[in-house]
Amino acid sequence: MLIFKKMKTVIIDYNAGNVQSVYYALQRIGVEAEITDNHNKIKTADKVIFPGVGEAGSTMHYLKTRKLDTLIKELEQPVMGICLGMQLLCNYSEEGDTACLNIFPNTVKLFKGNEKVPHVGWNSIANLNGDLFKGVPENSYVYFVHSYYVEILDDTIATCNYMQNFSAAIQKDNFYAVQFHPEKSGEIGTLILQNFINL
Amino acid sequence: MSQLSTLLLYKLFTKKMLTKRIIPCLDIKDGRTVKGVNFVDLRDAGDPVELGSAYARQGADELVFLDITATVERRKTLAELVKEIASHLNIPFTVGGGIKSVNDVSVLLNNGADKISINTAAVKNPYLINELAKNFGSQCVVLAIDTRFDGNDWFVYLNGGRTPTDIKAFEWAKQAQERGAGEILLTSMNHDGTKNGFAVDITRKISEALNIPIIASGGAGKKEHFYNVFTEGKADAALAASIFHFGEIPVPELKQYLKEKNISVRF
């Protein structure tokens with residue numbers, strides 16, 4: 001636990017709904033994160049979490065006005081996008097016809113089919129790959145709330161199925177992103193957050 | 001993605017389903033958990049934070065905290081309690097009871113609530129649903145409907161079931177979805193407290209007509225009731241209170257039963 005406290009973890013502060021929940025989840029594993037939009041603090045942190053609950057267009061606008069868009073793209077330490085945070089790391093979102101950060105090259109699409117939208121609740125994740133999912137059993141359940149999804153990419157490190165297969169998590173270099181909410185996904189979610197902190 | 005890796009990925013993929021959610025509901029008065037039987041008699045069933053954490057450990061998928069405190073101090077007390085719950089709980093939770101404005105919601109979400117539920121205030125001012133959805137997103141707006149069947153149709157009741165209206169529950173649920181509600185929490189007053197089963201018919205009617213999840217509430221007494229409301233009632237989630245609080249049906253036992261009956265649940 002002491003090791004974590006020496007490390008600097010920041011949660012990017014913007015008008016996202018789940019900032020506080022992410023903070024508490026880290027606190028439960030002994031990590032005192034700082035919630036901040038200060039460029040220097042974000043740049044010098046060991047780990048950066050980019051949370052998100054909200055709408056893509058207005059959120060990108062908010063990030064741009066604070067120049068957080070260019071800052072995030074230039075980060076070199078491990079970064080984890082959560083939910084909308086994941087979608088904003090992609091090239092483009094159908095939600096609000098929004099140009100995003102383009103770390104991942106894909107388009108974020110709206111769910112279409114016979115099931116209810118948003119996809120709300122606990123669903124299982126599979127094809128788990130890499131250190132983020134160390135110790136996480138295949139088909140573990142995690143909590144999702146979203147209407148838009150990232151399809152299966154070369155960068156996919158976990159999949160989920162709701163009307164079709166989609167990316168539950170993606171990774172490229174130092175950028176990690178999860179569609180579900182690890183901060184609300186019980187013991188499994190805690191383990192995933194712990195794995196990110198241990199990267 | 002290369003064809004080989006795509007094939008491999010799809011082959012490895014074990015198709016599972018979004019699970020049906022089991023939601024214990026904790027009524028809160030002056031910071032303590034209580035349960036109203038038919039909305040009148042109250043019994044003390046413990047500390048909300050302790051009870052909530054215990055449910056999370058047992059495998060509850062979500063929790064609902066309904067504040068029924070009537071004092072002027074309630075807002076501040078509730079915000080403090082929400083903060084305490086959020087710092088301990090690792091599953092999603094909804095907070096409801098007496099929420100009237102965008103500001104009320106903002107305070108609760110900022111203290112760590114994942115969703116809020118609105119009831120009477122939304123009937124009095126339906127535009128509140130639009131405002132909340134616009135400000136915070138539909139995912140955190142749960143519209144709670146207390147409804148009673150009068151022999152003819154299901155009507156909406158306000159103020160914890162004390163005030164009748166001539167609004168039909170079905171129409172109100174549809175309107176709420178159009179205005180941006182993210183989920184419907186449907187309580188049948190005819191069934192609440194009876195332990196004779198959920199209101200399967202109206203739950204199914206609303207669930208089939210809407211594209212947002214329906215949480216069925218009121219009447220849970222046996223494990224079979226949950227099975228019925230998930231299958232015949234097409235509910236996405238089921239909420240209950242006393243049967244969980246007094247250990248009549250432990251959450252793990254209920255989930256095991258549902259799993260054996262081929263209902264997709266989380267373990």
Side-chain angles (χ1 to χ4, degrees), chain A residues 15-25 27-29 52-55 58 83-84 114-129 138-147 151-156 159-163 165 181-190 193, chain B residues 1-2 5-6 8-22 56-57 59-62 82-93 106 109-115 133-140 177 182-183 207 210-215 234 236-237 264-267:
Chain A
N15 60 342
N18 64 335
V19 171
Q20 205 60 36
S21 302
V22 174
Y23 173 82
Y24 288 136
Q27 201 176 47
R28 287 194 291 270
I29 56 170
V53 167
E55 193 269 329
S58 57
C83 195
L84 180 63
N114 299 324
E115 302 290 337
K116 293 180 175 183
V117 177
H119 173 221
V120 181
W122 297 81
N123 205 333
S124 59
I125 51 174
N127 302 298
L128 309 179
N129 198 356
E138 280 286 308
N139 299 313
S140 289
Y141 284 103
V142 290
Y143 188 78
F144 289 89
V145 187
H146 61 125
S147 299
E151 57 205 335
I152 307 285
L153 311 172
D154 278 340
D155 306 318
T156 299
T159 64
C160 182
N161 184 283
Y162 190 65
M163 294 185 268
N165 291 337
H181 288 275
E183 76 280 12
K184 288 288 162 182
S185 293
E187 301 294 325
I188 293 294
T190 305
L193 284 175
Chain B
M1 167 167 282
S2 73
S5 57
T6 307
L8 194 65
L9 209 51
Y10 289 159
K11 198 179 168 187
L12 282 171
F13 200 93
T14 324
K15 188 169 175 178
K16 289 214 174 181
M17 281 173 70
L18 179 65
T19 61
K20 300 288 188 183
R21 287 171 281 155
I22 301 295
R57 284 195 297 274
D61 298 305
E62 224 171 294
V82 166
K83 198 173 194 171
E84 193 62 21
I85 293 165
S87 66
H88 285 89
L89 209 62
N90 60 10
I91 60 169
F93 70 97
S106 178
L109 295 178
N110 286 337
N111 278 288
D114 297 290
K115 313 176 191 182
K134 185 170 149 274
N135 278 283
F136 311 109
S138 291
Q139 84 290 333
C140 68
Q177 170 176 290
E183 288 181 77
S207 188
L210 266 56
N211 196 35
I212 55 175
I214 309 301
I215 305 162
K234 307 260 173 137
D236 299 280
S264 179
V265 286
R266 173 183 74 113
F267 273 95

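Lettering of chains follows the sequences in order, A, B, ..., and the numbering in each one begins at 1.
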Part of B:Arg266 lying under 4.5 Å from any heavy atom of chain A: both
Heavy-atom proximity to chain A below 4.5 Å, by part of B:Ala56: neither
Residue A:Val117 versus chain B: region with a heavy atom under 4.5 Å: both
B:Asp114 (side chain) donor-acceptor with B:Phe93 (main chain) under 3.5 angstrom: yes
Chain B contact via A:Glu183 - side chain, backbone, both or neither, heavy atoms under 4.5 Å: backbone
Region of A:Glu187 in contact with chain B, defined by heavy-atom distances below 4.5 Å: both
Nearest heavy-atom neighbours spanning A:Ile188 and A:Val142: CG2-CG1, 3.8 Å
Option that, when pairs with chain B are counted at under 4.5 Å, heavy atom only, ranks first among A:Pro182, A:Ser140, A:Gly186, A:Gly189: A:Gly186
Expected output: side-chain A:Arg28 to main-chain B:Leu89 donor-acceptor under 3.5 Å: yes
Heavy-atom contact with chain A under 4.5 Å, split by part of B:Lys20: neither
Under 4.5 Å from any heavy atom of chain B - which part of A:Thr190: side chain
A:Glu55/B:Lys134 salt bridge by N-O under 4.0 Å criterion: no
Main-chain N/O of B:Arg21 paired to A:Trp122 side chain as donor or acceptor, under 3.5 Å: no
Winner by heavy-atom pair count (cut-off under 4.5 Å) against chain A, out of B:Leu210, B:Asp236, B:Asn110: B:Asp236
Which of B:Ser138, B:Cys140, B:Gly182, B:Ser207 touches chain A most, by non-hydrogen pairs under 4.5 Å: B:Ser207
For A:Ile152 against A:Thr159, the heavy-atom pair lying closest together: CD1-CG2, 3.5 Å
Donor-acceptor contact below 3.5 Å, side chain A:Glu138 vs main chain A:Leu128: yes
